[in-house]
Amino acid sequence: MSRKHDVKAKRATVHDTVTSQVPMKRKAFETELRKLQVELVWLQTWVKATGAKVIIVFEGRDTAGKGGVISRIMQRVNPRIFRHIALPAPTEREKSQLYIQRYVAHFPAAGEIILFDRSWYNRAGVERVMGFCSQVEYDRFMRLVPSFEKEVLDNGIILLKYFLDVSQDEQRRRFAARIEEPVKHWKLSPMDTESVRRWWDYTAAYQEMLRETDTPASPWYIVPSDDKRRARLNLIAHLLSKIPYKKVKVDLPKVPKVQRRPDGIEDGLPVRETVPALY
């Protein structure tokens, strides 16, 4: 891995938000993103070659940018190695199972990297605030999750946990922008509305979650994300720094010579309908 992307994590609280920097310009962002995406492809090759297993958890406030950073990670990699998991609300059958069961079903096999777009930590966030779990269920989860994650690590899985934090003013601005922008309407839900209204309830829930589940073996990494572009780059650079991958030599093929066209075969395809060239 390139030394320039070797980033040391700085311990933070949920309120440590970078607000003094000038917003990053798109051209500078895309230049740096391209470099990191090359590194992600090298990571992918190493994971496939070594059989490594990686889980990356993305948690955070609504509108904080979880989906945006995941889409940039997925943009240039193989979706059969990098797998984006965003589970819907549990079915009645899943509700009758062990709480963690539906997440474990998506854990990586050898040579896979799983990106959890929200995770088992729903129990400590939305379920806690919205009353979707009982106090007994919540207490059991908080008591057991550190030992569960230790077991994950002891089984050779690399586990990284990120919490994307956004300020209240920026969250409200982004929520209003979603209302105004038709292509973002799919992101709106009653749960999102409640997350804006109940800012302080979520603050208290996240503070407790981070205090109780931030362990030396499985720490949380806070990502200030008022500036989405900087947040995406910082998170990707950090995760690259936390995985001990190396560039693996790939035997690239050469462009082969094309076979000679047989007699009697015309160029082109026999079609009746062609898509109109409107652009």
Side-chain angles (χ1 to χ4, degrees), residues 9-19 55-70 85-87 89-90 99-100 103 115-150 152 159-175 178 187-228 230-232 234-235 238-239 242:
K10 180 181 178 181
R11 298 297 299 222
T13 72
V14 76
H15 296 299
D16 287 337
T17 308
V18 178
T19 57
I55 294 175
I56 305 175
V57 167
F58 295 84
E59 290 289 346
R61 293 185 182 274
D62 286 327
T63 78
K66 297 178 292 296
V69 69
I70 291 172
I85 305 298
L87 298 183
Y99 173 72
I100 204 71
Y103 297 101
L115 311 180
F116 274 109
D117 187 350
R118 296 204 181 277
S119 67
W120 48 94
Y121 281 101
N122 272 343
R123 175 131 296 178
V126 64
E127 291 191 17
R128 168 71 161 166
V129 174
M130 301 303 297
F132 296 154
C133 67
S134 68
Q135 184 67 43
V136 171
E137 290 171 328
Y138 171 79
D139 290 341
R140 182 188 300 119
F141 171 80
M142 295 296 281
R143 183 176 70 254
L144 294 179
V145 72
S147 58
F148 166 74
E149 290 177 357
K150 183 178 184 302
V152 170
L159 174 63
L160 297 173
K161 302 186 304 188
Y162 291 99
F163 188 95
L164 283 77
D165 187 31
V166 66
S167 66
Q168 188 174 25
D169 287 345
E170 181 63 13
Q171 184 189 58
R172 293 179 63 84
R173 187 196 70 77
R174 291 179 187 178
F175 190 76
R178 288 181 179 182
K187 294 184 175 184
L188 298 170
S189 74
M191 290 298 101
D192 297 321
T193 305
E194 283 299 289
S195 72
V196 174
R197 186 178 74 85
R198 302 183 65 170
W199 169 273
W200 292 110
D201 289 341
Y202 272 96
T203 296
Y206 288 141
Q207 287 175 345
E208 184 171 3
M209 179 188 83
L210 294 170
R211 277 195 302 266
E212 298 300 320
T213 63
D214 180 77
T215 65
S218 182
W220 279 102
Y221 298 105
I222 307 300
V223 186
S225 59
D226 274 17
D227 186 329
K228 285 185 177 182
R230 293 186 191 278
R232 291 164 182 167
N234 288 333
L235 193 156
H238 183 271
L239 77 84
K242 302 303 291 184

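All values below were derived from every heavy atom in this structure, side-chain atoms included, with hydrogens, water molecules and symmetry-related copies excluded.
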Using atom types as modelled and distance alone, determine if a side-chain donor or acceptor of [X] lies under 3.5 Å from a backbone N or O of [Y].
X    : Y    : value
Y103 : S119 : yes
N122 : E127 : no
Y206 : A124 : no
S225 : A64  : yes
E137 : S134 : yes

Any heavy-atom pair between the side chains of [Y] and [X] that's under 4.5 Å?
X    : Y    : value
V166 : T63  : yes
L239 : Y221 : no
F175 : T193 : yes
L159 : V57  : yes
F163 : K66  : no

Rounded to the nearest 0.5 Å, what separation is found between the [atom1] atom of [X] and the [atom2] atom of [Y]?
X    : Y    : atom1 : atom2 : result
D117 : F58  : CG    : CZ    : 8.0 Å
L164 : E59  : CG    : CD    : 10.0 Å
I70  : R232 : CD1   : CZ    : 11.0 Å
K161 : D214 : NZ    : CG    : 6.5 Å
F132 : M191 : CZ    : CE    : 4.0 Å
L144 : W120 : CG    : CH2   : 14.0 Å

Output, in order, the C-alpha distance, side-chain angles, deciding distance and verdict of side chain to side chain donor-acceptor pair (under 3.5 Å) for R140 and Q135. CA-CA 8 Å; R140 182 188 300 119; Q135 184 67 43; over 6 Å; no

Kindly check if the number of other-residue, nucleotide or ligand heavy atoms within 6.0 Å of CZ (R198) is above 12?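 Buried by this count: over 12 neighbours within 6.0 Å.
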
When you measure from the centre of the six-membered ring of Y99, is the NZ or CZ of R123 under 6.0 Å away and within 45° of the axis?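 Yes - R123 lies over the ring of Y99, closer than 6.0 Å to its centre and within 45° of its axis.
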
Does NZ or CZ of R211 come closer than 6.0 Å to the centre of the six-membered ring of W220, within 45° of the ring's axis?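 Judged by the rule, R211 and W220 form no cation-pi pair.
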
Can you name the one residue among R197, R172, R174, R118 that meets salt bridge (Lys or Arg N to Asp or Glu O under 4.0 Å) with D62?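 The residue from R197, R172, R174, R118 that satisfies salt bridge (Lys or Arg N to Asp or Glu O under 4.0 Å) with D62 turns out to be R118.
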
Minimum heavy-atom distance between M142 and E208, given as atom pair plus value: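 Looking at all heavy atoms of both residues, the shortest contact is CE-O, 3.8 Å.
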
Could you give me the CA-CA distance, side-chain angles and deciding distance for Y121 and F116, then say whether side-chain contact (heavy atoms from CB on, under 4.5 Å) is met? CA-CA 10 Å; Y121 281 101; F116 274 109; over 6 Å; no

Test log, rule side-chain contact (heavy atoms from CB on, under 4.5 Å), inputs I222 and L210: CA-CA 10 Å; I222 307 300; L210 294 170; 4.0 Å; yes

I would like to know whether D192 and S195 meet side chain to side chain donor-acceptor pair (under 3.5 Å); could you show each step before the answer? CA-CA 5 Å; D192 297 321; S195 72; 4.9 Å; no

Q168 versus R61, side-chain donor and acceptor atoms under 3.5 Å: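 Checked: R61/Q168 side chains show no N/O donor-acceptor pair below 3.5 Å.
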
